[in-house]
Participant: 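Let me begin by handing over the structure; questions about it come next.
Predicted model, so just to flag it, every value in this text is computed and none were measured. Residue numbers run from 1 in the order of the sequence given.
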Amino acid sequence: TDGLIHPTPLVPADAPKWTQAADFDQLIATRDGVYFCSWNGIVFWSFRSQRNECFEIPRVSCAFKVGDRVFASAYGATLRTIDPETATLEPAQGGALDQQVVVRATPLDGERTLVAYGDGRLAVFNGRQTAPWADWSSGYAKGRITVMQHLVDGRVAIAVNGLGLLLCSG
């Protein structure tokens, strides 16, 4: 190689129209491929097949992973997951997440992800069930969570409108 970056376009000639108007603002990498996420839907690039699979999902609020399984939360819809083996979008058994919209998420480890609801509450999701996050007191749940990130020291950084940045053990 010459040491330079050489982009490879991934957009197929027959890409759905919604992808042309999508602002992809989130990438999720798994062992199977990369998920490009937008308000209009998700595009999955498979490492194995070297192909895109496009999933139109109107009003996606947040895409997130638990382990290598990717979930999509959208306004007015139940929680869904993408099966990379069959390249299909399927209903997920998300329990409480079928009734709540996830607006932010960050993996805690390979089996659990911290999710934030639009009303400021936090829960831990293991791919099947949710449980309230014990470290989140009700006093903090009054503001809109704008960003969350699991840190290498095990804590979680959470920015809350009106409260600022909080570091939480967990």
Participant: Rounded at 0.5 Å granularity, tell me how far CD1 in I82 sits from NZ in K65.
Facilitator: 13.5 Å

Participant: Below 4.5 Å, heavy atoms only, C-beta onward: do P107 and F64 meet side chain to side chain?
Facilitator: no

Participant: Crowded around E111 CD? As in, over 12 foreign heavy atoms under 6.0 Å?
Facilitator: no

Participant: Measuring from R69:CZ to T30:OG1, what's the distance to the nearest 0.5 Å?
Facilitator: 12.5 Å

Participant: Got T19 and V43 here, is their nearest side-chain heavy-atom distance under 4.5 Å?
Facilitator: yes

Participant: When you measure from the side chain of R51 to the backbone N and O of W45, does any donor-acceptor pair fall under 3.5 Å?
Facilitator: no

Participant: Among Ile, Leu, Val, Met, Phe, Trp and Tyr joined by side-chain contacts under 4.5 Å, find the other residues sharing a cluster with I5 and list them by chain and number.
Facilitator: none

Participant: Would you compute the distance between atom CZ of F55 and atom CG of N52 and round it to the nearest 0.5 angstrom?
Facilitator: 10.0 Å

Participant: Just verifying a value: how many Å separate I145 CD1 and R104 CZ, rounded to the nearest 0.5 Å?
Facilitator: 9.0 Å

Participant: Side chains of H150 and R155: closer than 4.5 Å at any heavy-atom pair?
Facilitator: no

Participant: Any side-chain heavy-atom pair from V70 and T81 closer than 4.5 angstrom?
Facilitator: no

Participant: Go through it in stages, so that I can follow the logic: the residues are L122 and M148, the test is side-chain contact (heavy atoms from CB on, under 4.5 Å), and I'd like the CA-CA distance, side-chain angles, deciding distance and then a yes or no.
Facilitator: CA-CA 11 Å; L122 294 174; M148 296 191 318; 3.6 Å; yes

Participant: Classify the angle between the aromatic ring planes of F44 and Y35 as parallel (below 30°), tilted (30 to 60°) or perpendicular (above 60°).
Facilitator: tilted

Participant: Relative to each other, are the rings of F36 and F24 parallel, tilted or perpendicular (30° and 60° limits)?
Facilitator: perpendicular

Participant: So do D83 and L89 actually touch side chain to side chain, heavy atoms under 4.5 Å?
Facilitator: no

Participant: Of I28, V102, L79, which meets side chain to side chain contact (heavy atoms under 4.5 Å, CB included) against F71?
Facilitator: L79

Participant: Hey, does V160 have a side-chain heavy atom less than 4.5 Å from the side chain of L165?
Facilitator: no

Participant: For L108, run the side chain to side chain contact (heavy atoms under 4.5 Å, CB included) check against T113, V66, L114 and tell me which one passes.
Facilitator: L114

Participant: Side chains of D23 and D25, heavy atoms from C-beta outward: is any pair under 4.5 Å?
Facilitator: no

Participant: Parallel under 30°, tilted from 30 to 60°, perpendicular over 60°: which one fits the rings of W39 and Y75?
Facilitator: tilted

Participant: Quick one: does R80's side chain get under 4.5 Å of I57's, heavy atoms only?
Facilitator: yes

Participant: May I ask you to decide if F47's main-chain N or O and Q50's side chain share a donor-acceptor pair within less than 3.5 Å?
Facilitator: yes

Participant: Give the C-alpha distance, both sets of side-chain angles, the deciding distance and a yes or no for side-chain contact (heavy atoms from CB on, under 4.5 Å) between Q100 and R121.
Facilitator: CA-CA 10 Å; Q100 298 286 336; R121 291 179 298 131; 3.1 Å; yes

Participant: Can you name the residues that form a side chain to side chain donor-acceptor pair (under 3.5 Å) with N161, not counting sequence neighbours?
Facilitator: none

